[in-house]
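These notes concern the structure reproduced below.
The structure displayed is predicted, hence computed values, not measured ones. In what follows, every chain begins at residue 1, and chains take the letters A, B, ... in the order their sequences are listed.
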4 protein chains.
Amino acid sequence: MNTIGHLINGTTTANDSRQQEVMNPSTSAVIAKVALASRATVEDAIAAAEAAYPAWRDTPPIKRARILFRFKELLETNADKICELITREHGKVLGDAMGELQRGIENVEYACGIPELLKGEHSRNVGPGIDAWSEFQPLGVCAGITPFNFPAMVPLWMWPMAIACGNTFVLKPSERAPSSALFIAQLGLEAGIPAGVLNLVNGDKEAVDTLLTDQRIQAVSFVGSTPVAEYVYRTGTASGKRVQAFGGAKNHAVIMPDADLDSAANALMGAAYGSCGERCMAISVAVAVGDAVADALIGKLKAHIAKLKVGDGMDNNNDMGPLISRAHLEKIRSYIAKGIEEGAELVVDGRDLKVTGFEDGNFLGACLFDKVKEGMTIHRDEIFGPVLCVMRVRTLQEAMEIINAHEYGNGTCIFTRDGEAARYFSDNIKVGMVGINVPLPVPVAYHSFGGWKRSLFGDLHAYGPDSVRFYTKRKAVTQRWPASGLREGAQFNFPSND
Amino acid sequence: MNTIGHLINGTTTANDSRQQEVMNPSTSAVIAKVALASRATVEDAIAAAEAAYPAWRDTPPIKRARILFRFKELLETNADKICELITREHGKVLGDAMGELQRGIENVEYACGIPELLKGEHSRNVGPGIDAWSEFQPLGVCAGITPFNFPAMVPLWMWPMAIACGNTFVLKPSERAPSSALFIAQLGLEAGIPAGVLNLVNGDKEAVDTLLTDQRIQAVSFVGSTPVAEYVYRTGTASGKRVQAFGGAKNHAVIMPDADLDSAANALMGAAYGSCGERCMAISVAVAVGDAVADALIGKLKAHIAKLKVGDGMDNNNDMGPLISRAHLEKIRSYIAKGIEEGAELVVDGRDLKVTGFEDGNFLGACLFDKVKEGMTIHRDEIFGPVLCVMRVRTLQEAMEIINAHEYGNGTCIFTRDGEAARYFSDNIKVGMVGINVPLPVPVAYHSFGGWKRSLFGDLHAYGPDSVRFYTKRKAVTQRWPASGLREGAQFNFPSND
Amino acid sequence: MNTIGHLINGTTTANDSRQQEVMNPSTSAVIAKVALASRATVEDAIAAAEAAYPAWRDTPPIKRARILFRFKELLETNADKICELITREHGKVLGDAMGELQRGIENVEYACGIPELLKGEHSRNVGPGIDAWSEFQPLGVCAGITPFNFPAMVPLWMWPMAIACGNTFVLKPSERAPSSALFIAQLGLEAGIPAGVLNLVNGDKEAVDTLLTDQRIQAVSFVGSTPVAEYVYRTGTASGKRVQAFGGAKNHAVIMPDADLDSAANALMGAAYGSCGERCMAISVAVAVGDAVADALIGKLKAHIAKLKVGDGMDNNNDMGPLISRAHLEKIRSYIAKGIEEGAELVVDGRDLKVTGFEDGNFLGACLFDKVKEGMTIHRDEIFGPVLCVMRVRTLQEAMEIINAHEYGNGTCIFTRDGEAARYFSDNIKVGMVGINVPLPVPVAYHSFGGWKRSLFGDLHAYGPDSVRFYTKRKAVTQRWPASGLREGAQFNFPSND
Amino acid sequence: MNTIGHLINGTTTANDSRQQEVMNPSTSAVIAKVALASRATVEDAIAAAEAAYPAWRDTPPIKRARILFRFKELLETNADKICELITREHGKVLGDAMGELQRGIENVEYACGIPELLKGEHSRNVGPGIDAWSEFQPLGVCAGITPFNFPAMVPLWMWPMAIACGNTFVLKPSERAPSSALFIAQLGLEAGIPAGVLNLVNGDKEAVDTLLTDQRIQAVSFVGSTPVAEYVYRTGTASGKRVQAFGGAKNHAVIMPDADLDSAANALMGAAYGSCGERCMAISVAVAVGDAVADALIGKLKAHIAKLKVGDGMDNNNDMGPLISRAHLEKIRSYIAKGIEEGAELVVDGRDLKVTGFEDGNFLGACLFDKVKEGMTIHRDEIFGPVLCVMRVRTLQEAMEIINAHEYGNGTCIFTRDGEAARYFSDNIKVGMVGINVPLPVPVAYHSFGGWKRSLFGDLHAYGPDSVRFYTKRKAVTQRWPASGLREGAQFNFPSND
């Protein structure tokens, strides 16, 4: 059986004593083992990154960019292979894997523009004969800790821009779906990233804690659940690092009486059930304004759900694959039970689903709750599964109060045709990413990704312009030259260079 | 005796049970008492700021700017009075107070440009018919905690930009020199800042801890010593806030063999002894490259120091006033003793200074150490007094290694005529603010202020462009409109507004 | 009788042989004479500006900005006097004059941010050890030629930013309404603008041609009619200058079936008849989508017009003052006759208006045409008077085709509640300034003003960010320093500065 | 014999009645014929571009960028072939051709970042509830007219960015070296540029005049000699187009007494003689400060010239190839004769050079003049050949006065180690592109290229950020939404979409 190891200083290693099984969620079969890095292994990776830093920092940005141009080509050439790695370990259907990869590639494309993005600010004559400018210099060794649900994309949010800025990097991908990130990192080296500039360690809490406390690490980017994000943020900042930690979400879609209901229902299907709802930008709550809207919407959703194909992700005819693990499946089932217990109406129940030939897979059919209310567990918690909750309100204001009162503030959207409703909503909603008739308002790669409230710990958002600021620090230079007499023609005895 | 109170919701109050004496450092006379805010008082201020937030947030930025235009006028009209308040409590000579105020006004001038500075990024057609833009929205209630050494300027780094961005503010100035910040805040209200938008509380650790932990405070800016900065950063971030905490410094000037030594020596006098060295951007170490440079430099410095006039700050003929307190004077004396003990040569000893008529003032004459070495306490610690240390090295590289190895990385400068030396230095030195023949490289108001290493905890620098990012959070909106039939001429039954 | 002269090198002069009468359009009384500058007089002004340039160019931008801060205060202090000067010569009601001045002040406020706006772009390591940056340096002597209809505002679009950028300036305001621009220029000097940096000449074609062909003038900004704009652009560019020439307009408002008709009608009243329609951003065509909309709109407009008060501009109870001249009044009357002749329906006829006590004023009541069609003279030409044309179409597409086919492309707006209609319109309309439910979409001072098609000759728009680019030229510097041995410790025999 | 034709709407055609010979300058052999487009042919190309515009304009920028990513790959894959086409027709050595191509590719890389570069400015709450933003929309059909000396690079300055911005394009390359531009355009189509978006016509003045006057062309970019640039600018602007026309140059290098003379001499060899001096950024005048510098510099240059290998460009052992044509060779010979006649000292005479086996080639050896003075023809005119003039001055000031007085202001450089001299020079020299110890200060692709004075007609520079502004026009939108009652819960009878 294959053991998935680390990539340190250009070399693949897997010498650690501890390992963990990697499973195919469609079958629950063990398909590989993954090495779990010890503190010493992680320190090796950090040491490699530190050694590679000075030369990489001094490599002109345009040369760093050109490696990323080649890397983009390799990602496209190897797209099918990457998607298979994603699907086999994560379970999402191949089309979703391709969508994920495409989003990752967009971040590489953005990082190719690093010469423009790194420009500093120059001021002539801040005083008589005095100039000043600000540069954005790299930080040193940076680390990324990424989740299972976008095993290819989230690492690509981080390290291409970090190294484009002149940093070196240690990536710790999810140990539950490690192969695509490793393969992609190897493509990076193939594209010309020098050994040591990009390193990858697989591991668990021991690896994470090493990254969070080692004094050579300057910055940490994290994506995961809110409790862990908060831990990462506190631990990393207490260790003097720059940290951005992206946590959980509970994303509400508001459906107004004037919405195009057909397209809203269609959009919600993808937003709620795509990738089995295992997305921090999934819509998990639909807030219908008016009972008429709620009734019509539920009718349309039920019709769509009836046609939803759930099965093995390698079969692209399927719309939805399995959940990541048996434990996660059980957790979601308990949420569903809790929802019923607390009084919500389960109008579509996906719990009895059987997928022929994949009886041991972690499958769950799409579930739809109606009459969900504030205070219910299924409204408070992030379920991270194919469960959509419908809430009923009378006004937009009421919908917005529910959203603004929620712990999370990652994404939200409104379906309406009305300019005023959309503007009022986008202006006043306390959420970082807002869609207007766009169900999954993940910003494109040249804007930045970040939630508000407890969905993000840190000042700067992921990817896009903010990521340039996150992976660099400002240096302000003020310059005045003393009169030398040279230009006035004084005949000093200057050193000859003959 | 006057009791200096708080400014909460437009009203001055001083009902707290605890008070502290404010002293004139030139005489050690008690000149006022300052109220020390209880938790309840600080919470009142926060409540006032929170109540004022929604209307202020929705006030167009240009209207907020216009209040700052008027505020700038009031600062200029009242400059003499402000400087007297600074000098009486802090001790610095009036000319230094005016310099400080001028730097503060520059930050107000910069904040007047907020309509330009707040511009977000707009992208048409991120997909077919889909637009996206990012806005920079205010955070809510922000707080500032400021030090005694620039009692007028540092508050002006913070709150004008914070409120220009649409936030409301609670300022806690130094309880040792509180009057100028309070008077300036009152001028702000006179200029038109609505009651509650800007609040000020005087206080000590109880006030600080309240600000750091109250859930209504979204962001904290702090300037002070590194241990407190670190405490503020850890406590504030653990409480989920955005924090920027500026700490201590040990700023080195490198003097190259080709430097214009006259102007370097002259510049060092101001940079080392101005405001008694109580500046986080003071030059406290001169690193001479070559013994010839060191000898010549010391000769020039000794001649300058012999002419330095030390005395009451209200007399503008003086160059240097007293230290802030008796305790601080004793601390510096103990550093000087330690320097001698550890082997440095005290070539100018200012400890015997007496100022006639001000025998109880906290005066200390300028001190100059030669042959200071790495590892000595006087090189490791920030002394924050009129003590300049000369170190001797053979090459620029050696000088830079000393600087790069130091705990702090706030400011530094190089004196040279050589383009290559200057560029190598500014590029590779691990310090946030660099001067080339500029002894105090405090960036102008339209660049940003921030050190590296343990001189700053946080991602974003003070004032200038970074402060706009610090006091706002990004909101990304993605928008698509469904076809409505309206523009194609469909005759829907639209609501009439007659 | 007062003779209005020139302001050259800080001195007021009026020695020219030619003069012209300035009249009060409410009474047709001659109220002053204005000197018409000869070529020699204009050359004196240019010479003064050229002489003042080197020192002004080297004045740090922040110091230039501070003069503008003071200038803004003076404009506010003197607002009433400026408005009287405007109204007496132009005729617009005092409230319109104040609105105009306020718009002008906004441009001064924007120019106060020049240190930020002038920032260049800095790139470290464009190659190994090579840095590059781009600066925006001033051009030299610039000129502005401005129209009668905004005698205070349009000059303030130009010269404050031009001089903020480090240029010196010669302004030639309209000889029909010269006093406010002259008084404002004097306030500029009072604020601290050095003599020679800002000069003003009154004059006619001789002055214009001198400015357009003198080799010392680097750039010309012009606002006026399209034929003159085109002449200015051709002549100035042929003489090697940078030119931006703003011409005429025919601004259409589209009223959709779902519009808020009450607010649309209300908005149209101001947009069509404010300042007697003598505005390049006036709405002169209302395109109603559907006959029902047209009928309802006309009903509302007629009711509003019935209440419109026309009279002397010095009486602020009036809504509309006289036209600028008898000749202009006659020209508009002939347009109205032509409109009737070509088949449009004059549903409100303002031609019989008499203003008691001002029988010799150039008054014309508000006129409203219905059933105006493409091809009619009143649709093709810019009338520049209180004449609003209503066109009737069936779809938005049809409305847009009319607008896109028109010679001019200055401003336009749409009244709708529908997001999709608004976005389709703003995206596809071939007009430079677009309002969505905003009748006069004049961009705020921190965006830029400019039409498309034959409404603007030149690449860069007026005021806002574009004006910084217009009044500066890019200088790109690429820098590498040869190894000197200095920093490695080589003991060269450097010049001593003792 | 091959006839080089046009590329119109995706198809290659060559039906024109007029043709011209294309020659190999190393042999004077005719190697192909090039079709000279008639007015009708050019109009076909314009029509194709106009037809392709609407769909291309609406293609999201990221999709346009992705075609450019592929195009970059194709340029790299086909680099050898492109360089052969350049060398065969132009004559420059293959290494120079590769350098040229690399510079061209850099512009494609920059254009790949178009989603970032096209971002507009967004302002929330310019008034209560009013938002404003500015977009940069494409112009329509643009044209480029490019010179023989960089047959691959200059077209790549233009059309990749023009089409990245959403425009369509008609390129007219030099008819003397047409093959590389045509082949590159075909690669563009292979990469995915739709037929009609990019068109190419070969031709002469008839083609140029058609492009300059056809009303469908919105913008013209031109590179060539100053007289033609001026003609293009006047004709194009008179026709209402946006024009940037880059003309001639006379670039001076100042060599200071403290310069690193070895590296300066070495740098000058490439800058003066590379590509036979047929570059608008070639250094054609070396201004030595002090006779000692002049003597030493000339000594070093003579030694270098003695080793310079001149011959067929296809042999990469050569340093310098032939001139473009016999006529051009004769023109340069007459300049040399004129220089001698006017009193300059020809210290190296390259006129007797014979290249064995290439006796009919247009070869000229490197020439070096000493004691050139202002007023001489060889100082006034751009020679565009391998002729370097040395001038002798006593001070930097004197050198700068010579440069500032010259008609051209394209590029210049200074060789010095002294920070003050470099800063004074770069600040005050009236030249658009400045090198400090960089002989050919061509800005990198992410800054912009442009001279001052009569080296550039137009406001905006080539490539880099300015090219985005040149190929787009600003549209300012101001938006307010009327209250609809919708979000307050009013139950209007909205249209159903079922």
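In this structure, C:Phe246 and C:Trp157 have perpendicular ring planes: the angle between them is above 60°, well past the 30° mark. Taking the six-membered ring where tryptophan is involved, the planes of D:Trp133 and D:His122 are essentially parallel, since the angle between them stays under 30° and well short of 60°.
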Report task. Go through the steps for C:Glu116 and C:Val468 under the test side chain to side chain contact (heavy atoms under 4.5 Å, CB included), then give the verdict. Result -> CA-CA 11 Å; C:Glu116 177 73 14; C:Val468 182; over 6 Å; no
Report task. Show your working on side chain to side chain contact (heavy atoms under 4.5 Å, CB included) between C:Thr226 and C:Lys453 and close with a plain yes or no. Result -> CA-CA 11 Å; C:Thr226 283; C:Lys453 293 188 280 186; over 6 Å; no
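For D:Gln244, no part sits under 4.5 Å from any heavy atom of chain C, backbone or side chain. Contacts between C:Tyr446 and chain D at a heavy-atom distance below 4.5 Å involve backbone atoms as well as side-chain atoms. Of the atoms belonging to C:Arg454, not a single heavy atom falls under 4.5 Å from chain D. Residue C:Val444 touches chain D through its side chain alone, counting heavy-atom pairs closer than 4.5 Å. Of the two parts of C:Leu456, neither the backbone nor the side chain holds a non-hydrogen atom closer than 4.5 Å to a non-hydrogen atom of chain D. Using a 4.5 Å cut-off between heavy atoms, D:Asp427 touches chain C through backbone and side chain atoms alike. Proximity to chain C (any heavy atom under 4.5 Å) is restricted, for D:Lys241, to the backbone atoms N, CA, C and O. For D:Arg234, the part lying under 4.5 angstrom from a heavy atom of chain C is the side chain only. Heavy-atom distances place no part of C:Gln218 under 4.5 Å from chain D, backbone and side chain included.
Per-residue counts of heavy-atom pairs under 4.5 Å with chain C were compared for D:Val438, D:Val126, D:Thr416, D:Asp459; the largest is that of D:Asp459. Between chain C and the residues D:Val477, D:Ile414, D:Ile130, the most heavy-atom pairs under 4.5 angstrom are made by D:Val477. Counting heavy-atom pairs closer than 4.5 Å to chain C, the top residue among D:Asp58, D:Ile429, D:Asp131 is D:Ile429. Most heavy-atom pairs under 4.5 Å with chain D: of the set C:Pro465, C:Pro441, C:Gly435, C:Ala238, this distinction falls to C:Ala238. Most heavy-atom pairs under 4.5 Å with chain D: of the set C:Trp452, C:Trp481, C:Phe415, this distinction falls to C:Trp452. For chain C, the option among D:Arg242, D:Lys475, D:Arg57 with the highest count of heavy-atom pairs below 4.5 Å is D:Lys475. Contacts with chain C were tallied for D:Gln137, D:Glu135, D:Met433; D:Gln137 has the most, counting heavy-atom pairs under 4.5 Å.
A heavy-atom distance below 4.5 Å is found between the side chains of D:Asn410 and D:Phe449. Within the 4.5 Å cutoff, side-chain heavy atoms of C:Arg480 are placed close to those of D:Pro439. At least one side-chain heavy atom of D:Pro138 sits less than 4.5 Å from a side-chain heavy atom of D:Tyr53.
The pair D:Asp466-C:Arg469 counts as a salt bridge, with a side-chain nitrogen and a carboxylate oxygen less than 4.0 angstrom apart.
Heavy-atom contacts from other residues, nucleotides or ligands closer than 6.0 Å to NZ of C:Lys430 number 12 or fewer.
Not one N or O on the side chain of C:Asn251 forms a donor-acceptor pair closer than 3.5 Å with the backbone of C:Thr412.
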